[in-house]
K.L.:
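What follows is a structure written as structure tokens; I'll ask about it next.
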2 protein chains.
Amino acid sequence: MPRPISQSRTDLVDNALVAFWNIGFHAISMDDLVRETGVSRGSIYSVFKGKRELFHACLDRYQEAAVTPKFGQVEAEGARLSDIKQFLEDGIASQEALDGPMPGCLVVNTLAQLDPADEDTKRYLEFHTNRLTKGFRAVFERENALTGALSDQEVAALAEFTTTSVLGLWSNSRKIADGDEMRRYVDMLMSLIRAKLGVECP
Amino acid sequence: MPRPISQSRTDLVDNALVAFWNIGFHAISMDDLVRETGVSRGSIYSVFKGKRELFHACLDRYQEAAVTPKFGQVEAEGARLSDIKQFLEDGIASQEALDGPMPGCLVVNTLAQLDPADEDTKRYLEFHTNRLTKGFRAVFERENALTGALSDQEVAALAEFTTTSVLGLWSNSRKIADGDEMRRYVDMLMSLIRAKLGVECP
DNA sequence: CTTGTATTGGAACGATCATTCCAATACAAG
DNA sequence: CTTGTATTGGAATGATCGTTCCAATACAAG
């Protein structure tokens with residue numbers, strides 16, 4: 001006794017995104033996804049070729065639904081170091097607000113179980129890390145223009161470093177679930193960045 | 001037509017460790033493990049209750065086979081910042097020496113696909129990060145004793161930060177496979193630590 | 001040699017996997 | 001109302017999963 005009621009593609013992807021994020025691509029089953037999204041097998045396969053394509057749609061959706069709303073302020077023209085700090089603290093706060101354990105970052109989680117031969121998926125992950133590095137670098141260049149402490153090369157290296165460090169933050173978040181330890185990490189990271197840039201601590 | 005030839009438990013775990021490390025717990029199958037280890041199903045199940053118990057043995061083995069040989073010098077009495085740098089560069093060099101892609105860190109990989117309800121596995125991961133933090137902190141305390149730049153609390157926070165950042169390094173390693181970018185990361189990390197500790201750059 | 005023990009390859013198990021398929025159904029359009 | 005379309009729940013597929021089992025075999029001990 002089927003019961004229709006249409007569900008938009010966006011809702012399907014949004015719910016699948018949460019499931020992939022929490023459980024992981026390999027560990028989650030299509031039955032899980034049917035249950036979590038409330039969309040039937042038939043409908044899912046009518047929109048996506050399979051689990052893999054649905055996952056890639058979720059990686060895309062992750063950028064606009066999870067990354068852009070928080071990282072957008074870092075990418076905005078005129079963003080400062082305080083915007084980076086805000087971005088990190090917002091991320092921690094939003095995961096603390098969840099009732100369950102922290103899922104970390106979908107990209108970091110995917111990275112750890114990435115098949116090296118899977119170039120398609122790798123591209124999504126590279127896009128994400130490039131996006132972070134680019135955003136951080138623009139801010140660092142802006143700050144460095146005031147102090148002139150670093151060369152362009154050093155600024156770029158600092159941005160790469162910051163991206164990689166943030167990956168570690170979200171990697172660790174799946175285990176600690178302690179917002180305070182994560183905030184200590186953010187404070188230390190900001191302190192180190194400020195020292196390197198020669199910026200006074202506010 | 002079976003052919004015996006005994007294989008020690010250590011060899012079995014060593015080979016399974018490599019397989020789990022590269023492929024991941026969920027993505028690898030027992031058939032894969034039989035093939036990779038060269039040990040038959042019957043023998044594996046005569047020693048371990050199942051895939052999960054074998055994996056836990058591999059997590060143990062990882063500490064002594066992969067972590068101790070390289071991190072031991074950081075944990076050694078009298079270790080300095082240069083030993084931390086050496087530890088990181090050794091890790092990068094050994095993964096560069098592999099013919100295949102970099103597997104990163106088994107603990108980081110496991111973290112990203114950890115079932116939050118799996119307390120047993122979580123304990124192995126906590127042991128690892130605690131070990132790193134403890135090793136880093138001892139070195140930082142030693143350096144800080146010379147300069148007195150930081151409080152005990154700041155030293156502890158710097159050690160926590162370093163551990164988390166290193167998780168990011170190995171998370172990212174599964175994607176970049178570029179030793180130079182990783183070495184830039186290490187240089188930046190050491191530079192930031194030295195600046196924070198007020199240690200002159202050699 | 002014979003015997004005992006350890007280990008083998010492989011069959012077989014039920015469960016679950018991703019995927020395909022479809023008759024049954026609900027809703028929108030006419 | 002009737003028709004058309006979209007979506008449903010669920011059966012069914014073949015593959016693969018982790019696990020169990022065992023007769024066959026090789027080696028060590030006697």
Side-chain angles (χ1 to χ4, degrees), chain A residues 1-59 106 109-110 113-115 117-118 120-121 124, chain B residues 1-59 106 109-110 113-115 117-118 120-121 124:
Chain A
M1 307 76 184
R3 54 168 172 85
I5 292 171
S6 74
Q7 183 146 4
S8 76
R9 189 195 131 109
T10 300
D11 285 343
L12 163 60
V13 174
D14 273 342
N15 291 326
L17 167 57
V18 172
F20 279 123
W21 197 346
N22 280 290
I23 313 295
F25 178 79
H26 289 112
I28 206 166
S29 69
M30 288 302 290
D31 279 343
D32 293 332
L33 289 168
V34 167
R35 186 170 10 87
E36 298 293 327
T37 63
V39 179
S40 66
R41 259 166 296 277
S43 299
I44 291 179
Y45 278 95
S46 73
V47 179
F48 298 102
K49 277 164 51 182
K51 185 185 184 185
R52 174 182 195 70
E53 192 175 279
L54 172 59
F55 180 60
H56 286 162
C58 290
L59 283 170
L106 176 63
N109 299 351
T110 304
Q113 39 196 320
L114 176 67
D115 174 4
D118 183 357
D120 292 332
T121 302
Y124 289 91
Chain B
M1 305 80 182
R3 53 168 173 85
I5 291 171
S6 75
Q7 184 146 6
S8 75
R9 187 196 133 110
T10 301
D11 284 344
L12 163 60
V13 173
D14 273 341
N15 290 327
L17 167 57
V18 172
F20 279 124
W21 197 347
N22 280 290
I23 312 295
F25 179 80
H26 290 112
I28 207 167
S29 69
M30 289 302 291
D31 279 343
D32 294 331
L33 289 168
V34 166
R35 185 170 10 88
E36 298 293 328
T37 63
V39 179
S40 67
R41 260 166 296 277
S43 300
I44 292 179
Y45 278 95
S46 73
V47 179
F48 298 101
K49 276 165 51 182
K51 184 186 183 185
R52 175 183 195 68
E53 193 176 278
L54 172 60
F55 181 60
H56 286 162
C58 290
L59 283 170
L106 176 64
N109 299 351
T110 304
Q113 40 197 318
L114 176 67
D115 173 4
D118 183 357
D120 292 333
T121 302
Y124 288 92

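Sequence lines set the chain letters: A, B, ... in the order given, protein chains first and strands last, and positions in each chain run from 1.
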K.L.:
To the nearest angstrom, how far is A:Ile23 atom CD1 from C:dA18 atom P?
P.N.:
13 Å
K.L.:
D:dT25 pairs with which nucleotide, Watson-Crick or G-U wobble, both distances below 3.5 Å?
P.N.:
C:dA6
K.L.:
I need the NE2-C1' distance between A:His26 and D:dC17, as an integer number of Å.
P.N.:
14 Å
K.L.:
Does the structure show a Watson-Crick or G-U wobble partner for D:dA15, both distances under 3.5 Å? Name it, or say none.
P.N.:
C:dT16
K.L.:
Taking the nucleotide of DNA chain C with the nearest heavy atom to each, does B:Arg41 or A:Gly42 sit closer to the 5' end?
P.N.:
B:Arg41
K.L.:
What distance separates B:Asp14 CG from B:Thr37 OG1, expressed to the nearest 0.5 Å?
P.N.:
11.0 Å
K.L.:
Looking at A:Ser29, I'd like to know whether one of its side-chain N or O atoms comes within less than 4.0 Å of OP1 or OP2 on C:dT16.
P.N.:
no
K.L.:
Let me know the distance between CG of B:Asp31 and C1' of D:dT20, rounded to the nearest Å.
P.N.:
14 Å
K.L.:
NZ of B:Lys51 versus P of C:dT16: gap in Å, rounded?
P.N.:
15 Å
K.L.:
Rounded to whole angstroms, how far apart are CD1 on A:Ile44 and C1' on D:dG9?
P.N.:
13 Å
K.L.:
Which heavy atom of B:Cys58 sits nearest to which heavy atom of B:Val13, and what is that distance?
P.N.:
SG-O, 3.7 Å
K.L.:
Is B:Tyr45 close enough to D:dT20 that one of its side-chain N or O atoms is under 4.0 Å from OP1 or OP2 there?
P.N.:
no
K.L.:
Give, for atom CE of A:Met30 and atom CD1 of A:Ile44, the distance between the pair rounded to the nearest 0.5 Å.
P.N.:
4.5 Å
K.L.:
Using the rule given for side chain to side chain contact (heavy atoms under 4.5 Å, CB included), can you reason through A:Tyr124 versus A:Thr110, listing the C-alpha separation, both sets of side-chain angles and the distance that settles it, and then say yes or no?
P.N.:
CA-CA 10 Å; A:Tyr124 289 91; A:Thr110 304; over 6 Å; no
K.L.:
Over how many whole Å does the gap from B:Met30 atom CE to D:dT20 atom C1' extend?
P.N.:
12 Å
K.L.:
Specify the separation, in whole Å, of atom CG of A:Asp32 and atom P of C:dT19.
P.N.:
14 Å
K.L.:
Rounding to a whole Å, what distance do you find between B:Ile28:CD1 and D:dT16:C1'?
P.N.:
15 Å
